[in-house]
Chemist: 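Once you've had a glance at the structure underneath, I'll fire off some questions.
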There are 2 protein chains.
Amino acid sequence: MVDKNTKDWSGCPVRFGMSQFGDKWSFLIIRDLMFKGRKHYHDFAEAGEGISTNVLATRLADLESNGIISKLRDPLKGSRFIYALTQKGKELMPMMLAMMDWAEKYDADTEVPQEFIKKLRNNPDKLKQEILGNLPK
Amino acid sequence: MVDKNTKDWSGCPVRFGMSQFGDKWSFLIIRDLMFKGRKHYHDFAEAGEGISTNVLATRLADLESNGIISKLRDPLKGSRFIYALTQKGKELMPMMLAMMDWAEKYDADTEVPQEFIKKLRNNPDKLKQEILGNLPK
DNA sequence: AAATAACACTTGTAAATATAAAGCGAATTT
DNA sequence: AAATTCGCTTTATATTTACAAGTGTTATTT
């Protein structure tokens, strides 16, 4: 017997996560929406990591069909759309913050502002609320 | 200005995470090591998700070279190896637990034992220590 | 000691996915 | 009305992954 707490899950939560957002580009899009204030197609396309446009289009469509992001016409400019995290998407924040905490510890080059890290380690819930407050809607 | 807490990171922690374990198979291997008591090559190969052997070999090598897992001869059977999480790997647990918490909420089919979920939401640190205590070494 | 089996890969080939660049239609700007 | 912006979509090529079979090393059996 391995671990009485976990046993052998058939409907595995990690596998579910992977099926919903389990690739590099999805993570980076979620990061852009959650922490960088990006919301337009070209924001993601030109974010520096160099996603190709067809991959971006399919990732946005997948995230939308999984209910993690929403897509609405931009009222300020009808030729473009505004992408935003849904409630389901916003609730990925604890996972993202945990990843960032880990990365800051193990990557000497990770440039997370010290103030951010301090908040993250002292009072993560407060930080989470602050970031949520800055998100659209 | 978008968010004074995040600004524009060049050494992005999410990107770092993706470079270290940022694909579906790496997540599933980490899950197997962290929660399922798996430690041998064939455990991963036959875990049910159907990873092909060459991909498994390269993922194990990558995770090892990134310092997330270790690889040692099995003293009980010299023809095989024991894979285990390093300290760096074990510290991915908060991220994994956060993902599982989210998945349990949004996937009706996710079969995480209720006892596990209750512990996770009431006292995650205690749960974490329990799981750590069950891990090798 | 030799043959067999178990184990962890490695290789070859086909299929799927990613990248890069160009093209397209609708909406806006000029 | 013409030109431009925007969000894709398509196409061609490159890379990655999947699947099947094979290889080398280490146990185990005979």
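Residue numbers start from 1 in every chain, and the chains themselves are labelled A, B, ... in the order their sequence lines are given, proteins ahead of strands. We use all heavy atoms of the structure for the numbers below, so side chains are in, but hydrogens, waters and symmetry mates are not. None of the values given here were measured: they were computed from a predicted structure.
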Chemist: Of all of residues 56-65 of chain B, which get a heavy atom below 4.0 angstrom from DNA chain D, listed by number?
Modeler: B/Arg59

Chemist: Do any pairs count as a ring-ring contact (aromatic ring centres under 6.0 Å, His included) and have a residue in residues 85-109 of chain B, sequence neighbours left out, and if so which ones?
Modeler: A/Phe16-B/Trp102, A/Phe21-B/Trp102, B/Trp102-B/Tyr106

Chemist: Using the heavy-atom set of chain B and a strict 4.0 Å cut-off, write down the first and last nucleotide of DNA chain C that makes it in, 5' to 3'.
Modeler: C/dA6 to C/dG12

Chemist: Not counting sequence neighbours, which residues clear side chain to side chain donor-acceptor pair (under 3.5 Å) with A/Asp101? List them please.
Modeler: A/Arg121

Chemist: Just jot down the side-chain contact (heavy atoms from CB on, under 4.5 Å) partners of B/Thr58, sequence neighbours excluded, or say none.
Modeler: none

Chemist: Applying side-chain contact (heavy atoms from CB on, under 4.5 Å), can you list everything that pairs with B/Thr53, at least two apart in sequence or on another chain?
Modeler: B/Tyr41

Chemist: Could you check which residues of residues 67-81 of chain A get a heavy atom under 4.0 Å from DNA chain D? Sort them by number, please.
Modeler: A/Lys71, A/Lys77, A/Ser79, A/Arg80, A/Phe81

Chemist: Using the test side-chain contact (heavy atoms from CB on, under 4.5 Å), find all partners of B/Gln129 that sit at least two apart in sequence or belong to another chain.
Modeler: B/Leu132

Chemist: Under the side chain to side chain donor-acceptor pair (under 3.5 Å) test, which residues partner A/Lys105, sequence neighbours left out?
Modeler: B/Glu91

Chemist: With ring-ring contact (aromatic ring centres under 6.0 Å, His included) as the rule and sequence neighbours excluded, what pairs involving residues 117-137 of chain A come up?
Modeler: none

Chemist: Suppose we screen for side chain to side chain donor-acceptor pair (under 3.5 Å). Which residues come up paired with B/Asn66, at least two apart in sequence or across chains?
Modeler: none

Chemist: B/Arg80: what forms a side chain to side chain donor-acceptor pair (under 3.5 Å) with it, not counting sequence neighbours?
Modeler: B/His40, B/Asp74

Chemist: Can you find a pair of side-chain heavy atoms, one from A/Cys12 and one from B/Arg31, that are under 4.5 Å apart?
Modeler: yes

Chemist: Can you work out whether A/Ser52 or B/Thr53 has the more 5'-proximal nearest nucleotide on DNA chain C?
Modeler: B/Thr53

Chemist: Taking only side-chain nitrogens and oxygens of A/His40, does any of them come within less than 4.0 Å of OP1 or OP2 of D/dG7?
Modeler: no

